[in-house]
Protein chains: 2
Amino acid sequence: MLSIGKLGQAAGVKVPTIRYYEQIGLLHPAGRSEGNQRLYARDALARLLFIRHARDLGFPLDAIRDLLALQDDPHQPCAAADAIAQAQLQAVNRRITQLTALRCELEKMVAQCAHGSVGECRVIEVLGNHDLCVHPDHDDGDDAVTDHDHALAPRS
Amino acid sequence: MLSIGKLGQAAGVKVPTIRYYEQIGLLHPAGRSEGNQRLYARDALARLLFIRHARDLGFPLDAIRDLLALQDDPHQPCAAADAIAQAQLQAVNRRITQLTALRCELEKMVAQCAHGSVGECRVIEVLGNHDLCVHPDHDDGDDAVTDHDHALAPRS
DNA sequence: TCTAATGTCTCTAGTAGCTATAGGTTCAAG
DNA sequence: CTTGAACCTATAGCTACTAGAGACATTAGA
């Protein structure tokens, strides 16, 4: 039996995150010690490692929830799991495509900066005038699938 | 003078987003009509387009705040703007590197799926057993710079 | 055995960048 | 003059956690 701290160490997951996973139903509620502290068996570690690995691969928690349900019932056909993984792969591919375009524009911007004053700065200028940048045709289509990225994401 | 709706249309930004930008101080508070509705002049449109373009390039709002301050004072040296753009470029590059690694792993996973039952599914198996995947050495170093991505992000 | 340090408990609020909703007011067209 | 759209404020929600407060449990050392 592991304490929550040991479990977290073993899986490389922070303690509050484990409690969070329990709260949203990804982990089964743990048994408790006499003093009301959580105690975990080996299968909880396996489940947590599964979640952690899936998170490392970028799967959203909802997808992980589905994958765990599949894992719990090994007689179901594999197609659902395959579909989830493929969707994730496509999301990653879309994201890479987007980011590559961004990189291209950013590189141009930075390269043209003459390091003078802001008044003649190419960076500021390009940002202010959309026409100055070589932007591929900008479709506002809504093919959003798994795009809750923020910091590096153009709005869908 | 533009209403908030017209401004949004002109800039390709939703109305609540404009109010949000005002709230967090990215846009100056707009003048009001007799009936207390916001009215915008041309310079507000320019500012909003600037923000929108920077967002499209993935700049976080804090960085945009700094860029706007620089734009407001054209006599400052350009170095600060250049630094912000370069930081963004590096963040994008890091992200692409990460995602490319993820893509590789996901592709392998999907390719190995034999479309049988979950019990023998390679996808589920690989997720459950970290050793089965060809993961490059996993350093827990903290080089987080702009990583508030969620859906597709491995935790830093 | 006592004590101090660490670990754990619950609960709440905060992060980014919006989006959605509710309940009310104003504006412009017919 | 009426209707419907656009607008107002304020609040809550989204992802996936993280941080903090204040109280209780456990454990290692003296």
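Keep in mind the model is a prediction, meaning the values are calculated, not measured. Throughout, a chain's letter reflects where its sequence line sits, starting with A, and its residues are numbered from 1.
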Spacing of A:Leu39 atom CG relative to D:dA25 atom P, expressed in whole Å: 14 Å
For atom CG of B:Leu48 and atom P of C:dC18, their distance in whole Å: 11 Å
A:Arg94 vs A:Gln90 side-chain heavy atoms within contact, under 4.5 Å: yes
Net bend of the helix from C:dT1-D:dA30 to C:dG30-D:dC1, end axes of five pairs each, nearest 10 degrees: 10°
A:Asp43 vs A:Arg47, salt bridge (Lys or Arg N to Asp or Glu O under 4.0 Å): CA-CA, chis, key distance, verdict: CA-CA 6 Å; A:Asp43 59 334; A:Arg47 199 173 173 91; over 6 Å; no
Side chains of A:Leu127 and B:Ile64 in contact at under 4.5 Å (non-hydrogen atoms): no
Whole angstrom value for the distance that separates P of D:dA10 from CD1 of B:Ile24: 17 Å
Closest-nucleotide ordering on DNA chain C, the 5'-leading residue of B:Leu61 and B:Glu34: B:Leu61
Nucleic acid contacts of residues 26-33 of chain A, taken as heavy-atom distances under 4.0 Å to DNA chain C: A:Arg32
A:Gly35 vs B:Gln23, nearer the 5' end of DNA chain D by closest nucleotide: B:Gln23
Test side-chain contact (heavy atoms from CB on, under 4.5 Å) applied to B:Gln9 - qualifying residues, sequence neighbours left out: B:Lys6
Kindly give the atom pairs (protein nitrogen or oxygen, nucleotide nitrogen or oxygen) under 3.5 Å for nucleotides 4-8 of chain C.
{"residue": "C:dG7", "atom": "N2", "partner": "A:Gln37", "partner atom": "NE2", "Å": "3.3"}
{"residue": "C:dT8", "atom": "OP1", "partner": "A:Ser3", "partner atom": "OG", "Å": "2.8"}
{"residue": "C:dT8", "atom": "OP1", "partner": "A:Gly5", "partner atom": "N", "Å": "2.9"}

Results of salt bridge (Lys or Arg N to Asp or Glu O under 4.0 Å) for A:Asp66 - residues two or more places apart only: none
Non-neighbouring partners of B:Gln71 that pass side-chain contact (heavy atoms from CB on, under 4.5 Å), sequence neighbours left out: A:Ile124, B:Phe50, B:Leu68
Contacts of B:Asp73 that satisfy side-chain contact (heavy atoms from CB on, under 4.5 Å) - sequence neighbours left out: B:His75, B:Gln76
Close side-chain approach of A:Arg122 to A:Glu125, heavy-atom, < 4.5 Å: yes
Would you list the protein and nucleotides 21-23 of chain C atom pairs, both N or O, that sit under 3.5 Å from each other?
none

A:Glu22 CD - C:dC9 C1' separation (whole Å): 12 Å
Length of the CD1-C1' vector between B:Ile18 and D:dA6, whole Å: 13 Å
Interatomic distance where CZ belongs to A:Arg55 and C1' belongs to D:dT18 [whole Å]: 14 Å
B:Lys14 side chain near C:dT19 phosphate (N/O to OP1/OP2, under 4.0 Å): yes
Residue list, side chain to side chain donor-acceptor pair (under 3.5 Å) with A:Glu120, at least two apart or on another chain: none
Those residues that, when tested against A:Arg103, pass salt bridge (Lys or Arg N to Asp or Glu O under 4.0 Å) (two or more places apart): none
Short side-chain N/O contact to C:dG17 OP1/OP2 from B:Thr17, under 4.0 Å: no
Integer-rounded Å distance: C:dA20 P and B:Tyr20 OH: 15 Å
A:Glu22: partners by side chain to side chain donor-acceptor pair (under 3.5 Å), with sequence neighbours left out: A:Arg38
Inter-residue atom distance B:Arg65.CZ - B:Ile84.CD1, 0.5 Å rounding: 12.0 Å
Side-chain heavy-atom pair A:Leu57, B:Glu105 within 4.5 angstrom cut-off: yes
A:Tyr21 side-chain N/O to D:dC17 phosphate OP1/OP2 under 4.0 Å: yes
Please list, one pair per line, the donor and acceptor atoms closer than 3.5 Å that link side chains of residues 23-32 of chain A to other protein atoms, with sequence neighbours excluded.
{"residue": "A:Arg32", "atom": "NH1", "partner": "A:Asn36", "partner atom": "O", "Å": "2.8"}
{"residue": "A:Arg32", "atom": "NH1", "partner": "A:Asn36", "partner atom": "OD1", "Å": "3.3"}

Atom-to-atom span, CG of B:Asp62 to P of C:dC18 - whole angstrom: 12 Å
